[in-house]
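The next block holds one structure in the form of C-alpha cells; read it before the comments.
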Amino acid sequence: MMRVVRPLLVGVTALATLTAVVPSFAQAKPSDGISMPGLCRGPYNAAAQRGFDVSRVAEDRVVTFDGKRVVLDREGWAADNPRDPSWTLWFHSLSWLVPLALDDPRTAVDVFIERDKALPDPGASVGNVLRRPVGWTQGQFRTRLDVTNCLYNLTDDARLLPIAKRLATANMDPRRYPGPPNFPVHNHGTMSNVTLMQAGKTFGQQEWIDVALKRFKRDLPYVFEPCGMMREQSSTYQVHNLRLWEKTAAQLGTVLDAERRALGALVRPDGVLEAIGDGQPASGLEPNGASLWCRETGWAAGTVKAAGSADDTAREAHFTLRFGPSMDYHGHLDHGSLTWFALGTPVLSDRGLFSKDRGPRFDYAHTMAAHSVFEPVGSPGYDPDTSATRMSPTEYAVRDAADGIERLRDVTIGPTRLVVRDRGTGAKEWIQHWQLAPGWEPTATGAVNAAAGLPLTIDCPKLKPVRVEAFTAWRTAVDAWDMQCRVSGDRTGERLATTLTVAQTS
C-alpha cells in the first residue's frame, strides 16, 4: 500500500514578530461575483500553493503565510527563512496581498505602500545576504512588480506608480540582472523581462518594454542548445523556459519548433514528464515519440517499439538518459541515470524534488543515491563532466573521470529489456542504483507491480532493496524502492552488468 507522507511545515528563522503556528489556516478566496484579472492569476496561484490567511490584515496587520504568522510592522516585514529561501522570496513578493485585494483593494494597496516605506531599496552594492531579509533580491523585486501590475489593474491607484518605477529600475539594473553581460542566461532573467514588459504596458512606460525586448533578443541564442534543450539541467525547467519564451517568440520573429520537439521527446507515452533534476512530475503533456540527442547539454531520450508492433502503443517503451556538464542550475548528481517506461508502466523513475526547503529531503534528492547511477561509494561529491556516444537510438556509451575515479557505462534499451554494463576504477565499492517507480514492491529476483500485473527481473549480484521516497508532487513524498546491485574489490577496476526484464503475466 502506498503511504503518502505530508510532514509538518518547517519552522522559520526570523525576528521576534514571526512565530510558527499550526499549519492549518483559513484559505481566503475571492468573493462571489469578483473576477480575477489575468495579471493577478500568477501571484494568486503562488500564494495559494503555500497557503495564506489574510483575514486579520485589515484590522491587526497580521498575516499567516505558509503556516507562519507575521506581524506587519518594521521588524516583521524583514522576515527571513535561511532554510527555505523560496519562502522568503514569496513572502516578500507580497503575492498574498492579491487575495486580499480581490475583496478589499484599498487595504491591500495601503499595506503595499506601508511595506515600501518600511524597507527601501539598499542598492545593488549590497550583497544578497543583506538584501534578502529586506526583500530586494532579484527574485523578490521581480515578483513584487508582478503584484504591482495586478494591484494597479484592480485599482488604478496612482500611488502605485512610483513604487512600480523603483521596482522597474531595479529590474533594469545590469548589475542585478541574472543574465548577460554579467551573468549566464537563466530563467530568472527571462521572467524579469516578461514582468518588465507587462509593467511597461500596465503603466504606459515604453522604455521598460524596449529594455526587455533588447534583452530577449540578446539572450535567446544562449538559452537553448540547437537540439532544443535548455541549459538548466531539469526536465521541468524545459517546460518553464519554453512557456516563458513562447510569450515573446512572435515579437522576436522566431519559432521554437526544436524546443517543443525536445520537450515532446522527454514525455512518456502516457503523457507524463519525469521530474529529472529539480521539479515534480507533470502530466497531461503531449508525447511525440521522437528521438532526442543533445550532446552539449547531456540529454538522450526516445520511444522504443517492439518488433512487429508498430501500431501497438501498449508495447512502446520510453527512456531518458542524462550526462553532460557537472551539476549546475537545477541539476542533480545524475550522470548516467536512466528512466524507463515499459508495457504501459513506469519502471525506473527519477525522484524529483520535495520542496526547496534546505533539509534532508532536499539534500537526498540531489545525490547519486537518488538516481539510477553507478555510484563510487565513499565519494559522494563526485561530479565530473560526462561525455556520451550514441551508437544507435537505443545504444549509448557514457564516460567520465575525475579525482582518481573513472566510470564507463554502456546502455542498451529495448521495449521490455534494459541492459547496462558498468566499469569503474578508483573506489573500493560500487553500487548500481535502480530507482523503481512508486507501485513496485521487491521480490527475491527483482520486483512486482501488482496493479499493472507485471513482474520485473533484475539480474545482478548482491541485489538489495532499500526503501526510499519519491517526490511525486509539491511537498508530497510516497514510498518507493531503490534496488541496489553491489560489487567490491581492490580499486583497480570493477565490472557490473545488470539486465532488467519486465514481462506481462499470462
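Small disclaimer: the values here were computed from a predicted structure and weren't measured.
- The list of salt bridge (Lys or Arg N to Asp or Glu O under 4.0 Å) pairs with a residue in residues 85-96, not counting sequence neighbours, is empty.
- Judged by a 6.0 Å distance limit and a 45° cone about the ring axis, R268 is not positioned over the six-membered ring of F341.
- Checked by atom type, the side-chain pair T236/Q280 shows no donor-acceptor distance below 3.5 Å.
- For the ring pair (Phe, Tyr, Trp, His ring centres under 6.0 Å) test, residues two or more places apart in sequence or in another chain that qualify with F91 are W87, W96.
- Partners of H433 under the ring pair (Phe, Tyr, Trp, His ring centres under 6.0 Å) rule, at least two apart in sequence or in another chain, do not exist in this structure.
- Among pairs with a residue in residues 228-240, those fulfilling salt bridge (Lys or Arg N to Asp or Glu O under 4.0 Å) read R231-E296, at least two apart in sequence or across chains.
- Y364 does not carry R351 over the face of its six-membered ring by the limits of under 6.0 Å from the centre and within 45° of the normal.
- Of the charged side-chain nitrogens involved, at least one lies within less than 4.0 Å of a carboxylate oxygen, so that R399 and D410 count as a salt-bridged pair.
- Applying the disulfide bond (SG atoms under 2.5 Å apart) test to residues at least two apart or on different chains, the pairs with a partner in residues 396-480 are C460-C485.
- Screening residues 372-431 for ring pair (Phe, Tyr, Trp, His ring centres under 6.0 Å), with sequence neighbours left out, gives W293-Y396, F319-Y396, F374-W430.
- Q432 and T498 form a side-chain donor-acceptor contact under 3.5 Å, judged by distance and modelled atom types alone.
- With a 6.0 Å radius and a threshold of 12 heavy atoms from other residues, nucleotides or ligands, R495 has its CZ atom at or below the threshold.
- In this structure, R50 pairs ionically with D84, as a charged nitrogen and a carboxylate oxygen lie closer than 4.0 Å.
- One finds no salt bridge joining D422 and R407 here, because no Lys/Arg side-chain nitrogen approaches an Asp/Glu carboxylate oxygen to under 4.0 Å.
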